[in-house]
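Naming convention: chains lettered A, B, ... in sequence-line order (proteins, then strands); numbering from 1 in each chain.
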2 protein chains.
Amino acid sequence: MAEKPSGSRDDARSVALLWNTRERARRGPRPALSWERIVAAAIALADAEGLEAVSMERVAERLGFTTMSLYRHVPGKAELVALMIEAAIGEPPALAAPERWRSALEEWAANLLGTFQRHPWALTATGRLRLMGPYELGWLETGLSALSATPLDPAERHAACLAVLAQVRSIAQFSLAPPKGSPGLTGERWNAETRALLRVRAERFPELTAALDALRLRDRPPAPGSGLGFVLDGIARRVAQRGARAPAGRPRR
Amino acid sequence: MAEKPSGSRDDARSVALLWNTRERARRGPRPALSWERIVAAAIALADAEGLEAVSMERVAERLGFTTMSLYRHVPGKAELVALMIEAAIGEPPALAAPERWRSALEEWAANLLGTFQRHPWALTATGRLRLMGPYELGWLETGLSALSATPLDPAERHAACLAVLAQVRSIAQFSLAPPKGSPGLTGERWNAETRALLRVRAERFPELTAALDALRLRDRPPAPGSGLGFVLDGIARRVAQRGARAPAGRPRR
DNA sequence: TGATGACTGTGTATCTGGTACACTGTTACG
DNA sequence: CGTAACAGTGTACCAGATACACAGTCATCA
């Protein structure tokens with residue numbers, strides 16, 4: 001069967017892999033390969049040449065095994081990608097104490113952005129709704145606990161985290177350097193090419209032209225007036241509101 | 001050559017297609033097909049069965065032509081998808097007057113969300129940085145002009161629009177109904193399955209467990225305490241700040 | 001008006017990539 | 001020590017994109 005890039009019947013299998021530690025086989029030859037090595041090779045490949053370069057064949061080649069040998073350790077490509085995501089994300093970071101929720105969230109966002117910058121393919125790979133592994137959910141947990149000392153209720157904390165995550169994804173898309181093989185666009189290049197398109201039609205797109213001309217690609221993410229700044233300010237406002245009235249949800253720690 | 005799902009050397013070709021109106025051929029038999037019909041068929045197919053179901057063969061089949069006939073009208077699949085995006089997005093909406101920037105932006109977001117709900121595949125298809133067509137840039141222009149009466153400078157307006165867009169994408173991912181063919185996850189289903197995973201491990205993920213239990217999937221997007229609410233509040237704060245000092249950027253209309 | 005070349009749709013072939021399946025050899029357990 | 005479970009291999013097949021050559025059509029121009 002051909003690739004099913006966003007198939008997700010495999011999600012079930014992926015989940016089993018991500019959450020179950022399977023014990024070593026008791027019989028048979030000792031494995032020369034392991035899914036850990038496969039995943040590492042696949043990640044190295046994806047880092048270097050992008051997710052499209054990751055084929056079972058090329059991963060196997062890197063490892064010096066045949067294509068089909070991979071299937072002894074990984075059920076299929078979809079599951080491999082799921083494992084790659086988990087491995088690339090890794091252990092969630094330690095954040096500032098939740099009393100300073102804002103800097104904790106900023107740290108969280110910065111760490112997340114760092115991950116996306118180290119592994120640009122992860123942005124695409126995580127682009128669809130799918131079941132997650134322990135690391136990935138651990139990141140979410142960490143993000144949420146950055147808000148645990150605020151009077152926000154759990155649903156609001158969740159919304160806040162997802163909002164920050166969405167901003168990080170948006171920032172990442174512009175600031176990622178696409179790998180050599182795939183001539184993906186840089187943010188700079190997108191900007192330049194789009195301005196070129198608009199140059200002839202500046203009257204039809206006055207606001208956009210102005211925006212692209214003024215675009216500050218250099219601004220560090222949580223700068224005021226940036227997307228992340230807006231989100232954090234919005235959260236702050238809600239925190240202030242909630243704090244003024246009765247604290248909602250569980251009491252603050 | 002096999003599919004290059006996120007190749008973008010083709011972006012150049014796509015742009016030519018999206019921005020240039022090519023005049024009819026002067027010789028030869030009158031075409032029975034047109035790229036408009038191809039795009040319409042492809043969109044219908046994607047709406048019904050998801051983007052993965054869109055293959056040149058299946059599109060051609062729907063039209064009663066051979067696979068290769070499509071290539072007379074569309075350079076390749078990447079370009080077809082680009083055209084699909086443009087067609088699905090369509091003419092940008094008319095918004096409230098920019099004096100009420102907040103409701104204008106809310107309308108903009110709602111319209112965008114509507115588009116994603118009518119064409120769930122568009123979320124994936126627009127997931128990478130790529131050159132855009134006139135409609136898509138028109139939407140951006142419209143979003144920016146919702147902020148044209150505010151004292152925000154052009155870069156801030158741009159950041160604000162992208163922030164709203166990022167929220168819409170995030171919301172869409174949870175609220176989309178995946179098409180029949182691909183067993184993609186609904187937000188509800190994601191929630192249920194993830195809670196099931198966490199049930200055994202509630203101590204490791206206390207915040208997340210609480211968040212998922214409290215999750216209000218029903219809240220309409222710009223509700224206070226939602227992601228979009230945070231963004232809009234954050235923008236409002238900046239507007240107030242800027243308004244208090246000297247207006248930045250071009251003077252308000 | 002008829003030749004002609006541009007253009008349309010078609011059929012065939014090739015390439016990439018995922019994966020099913022059967023085979024061979026290995027090793028721990030009974 | 002036999003044997004069943006397991007590892008890696010080789011071959012085969014399928015889906016999907018697309019290059020290419022061919023045959024029919026029709027506006028234009030000699």
Side-chain angles (χ1 to χ4, degrees), chain A residues 1-10 13-14 22-38 41-42 45-46 49-82 84 181-182, chain B residues 1-10 13-14 22-38 41-42 45-46 49-82 84 181-182:
Chain A
M1 214 179 299
E3 184 167 10
K4 31 181 166 31
S6 53
S8 74
R9 191 172 338 256
D10 326 83
R13 288 199 297 180
S14 301
R22 198 157 40 133
E23 68 287 359
R24 279 271 165 254
R26 321 192 47 70
R27 309 261 200 111
R30 73 197 62 107
L33 260 183
S34 65
W35 67 260
E36 285 88 350
R37 283 184 62 202
I38 296 174
L45 185 55
E49 304 184 37
L51 197 53
E52 322 100 56
V54 176
S55 69
M56 299 305 263
E57 189 177 7
R58 293 209 52 196
V59 172
E61 181 190 321
R62 275 196 164 225
L63 291 163
F65 286 82
T66 53
T67 307
M68 288 313 291
S69 68
L70 306 192
Y71 287 89
R72 287 284 164 212
H73 305 272
V74 162
K77 184 166 179 186
E79 293 79 8
L80 173 55
V81 173
M84 288 171 66
S182 67
Chain B
M1 213 179 302
E3 185 167 10
K4 31 180 167 31
S6 53
S8 75
R9 189 168 345 252
D10 326 82
R13 286 199 299 180
S14 300
R22 200 161 38 133
E23 68 288 356
R24 279 271 165 256
R26 320 192 46 70
R27 308 262 202 110
R30 72 197 63 107
L33 260 182
S34 64
W35 66 261
E36 285 88 349
R37 283 184 60 201
I38 296 174
L45 185 55
E49 304 184 37
L51 197 54
E52 323 99 57
V54 176
S55 69
M56 298 306 263
E57 189 177 7
R58 294 210 52 197
V59 172
E61 183 190 320
R62 276 197 163 224
L63 291 163
F65 286 81
T66 52
T67 308
M68 288 312 292
S69 68
L70 305 192
Y71 288 89
R72 288 283 166 214
H73 304 273
V74 163
K77 188 171 175 181
E79 293 77 8
L80 173 55
V81 174
M84 287 172 66
S182 66

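- If you take CG of A:L80 and P of C:dG18, they are 10 Å apart, rounded to a whole angstrom.
- Protein atom CE of A:M56 is 21 Å distant from nucleotide atom P of D:dA12, rounded to whole Å.
- Between A:L45 and A:A53, the shortest heavy-atom contact is CD2-O, 3.5 Å.
- When the nucleotides D:dA17, D:dA5, D:dA7 are ranked by their closest atom to the side chain of B:S55, D:dA17 comes out on top.
- With rounding to whole Å, A:K77 atom NZ is found 8 Å from C:dG17 atom P.
- For the pair A:I38 CD1 and C:dT19 C1', the computed distance is 14 Å after rounding to whole Å.
- The heavy-atom pair separating B:G76 from B:Y71 by the smallest distance is CA-CE2, 4.0 Å.
- Distance, B:R27 CZ to D:dA27 P: 10 Å, rounded to whole Å.
- Side-chain proximity of B:R72 to C:dT10, D:dT25, C:dT27: nearest is C:dT10.
- Minimum atom distance to the side chain of A:Y71 is reached by C:dG18, of the listed C:dG18, D:dC26, D:dG8.
- Nucleic acid contact for A:R26: sugar-phosphate only, since backbone atoms but no base atoms lie under 4.0 Å from a heavy atom of the residue.
- Taking both residues in full, the closest heavy atoms of B:M84 and B:L51 are given as CE-CD1, 4.3 Å, listed atom of the first, atom of the second, then distance.
- In plain terms, the two heavy atoms of A:L33 and A:L70 that are nearest each other are CD1-CD2, 4.0 Å.
- By the 4.5 Å heavy-atom criterion applied to side chains, A:R37 and A:H73 are not counted as neighbours.
- Regarding A:L33, its CG atom lies at a distance of 17 Å from the P atom of C:dT26, rounded to whole Å.
- Between the P atom of C:dT26 and the CZ atom of A:R30 lies a distance of 11 Å, rounded to the nearest Å.
- Nucleotide C:dG18 holds its C1' atom 12 Å from the CD atom of A:E79, rounded to whole Å.
- Comparing B:G28 and B:E57 against DNA chain D, the residue whose closest nucleotide sits nearer the 5' end is B:E57.
- The stretch residues 60-70 of chain A touches DNA chain C through A:T67, A:M68, each having a heavy atom under 4.0 angstrom from the strand.
- In this structure, B:H73 does not reach the C:dT8 phosphate: none of its side-chain N or O atoms is under 4.0 Å from OP1 or OP2.
- Residues A:T66 and A:A60 share a closest heavy-atom pair of O-CB, 3.4 Å.
- The heavy-atom pair separating B:V54 from B:K77 by the smallest distance is O-NZ, 2.6 Å.
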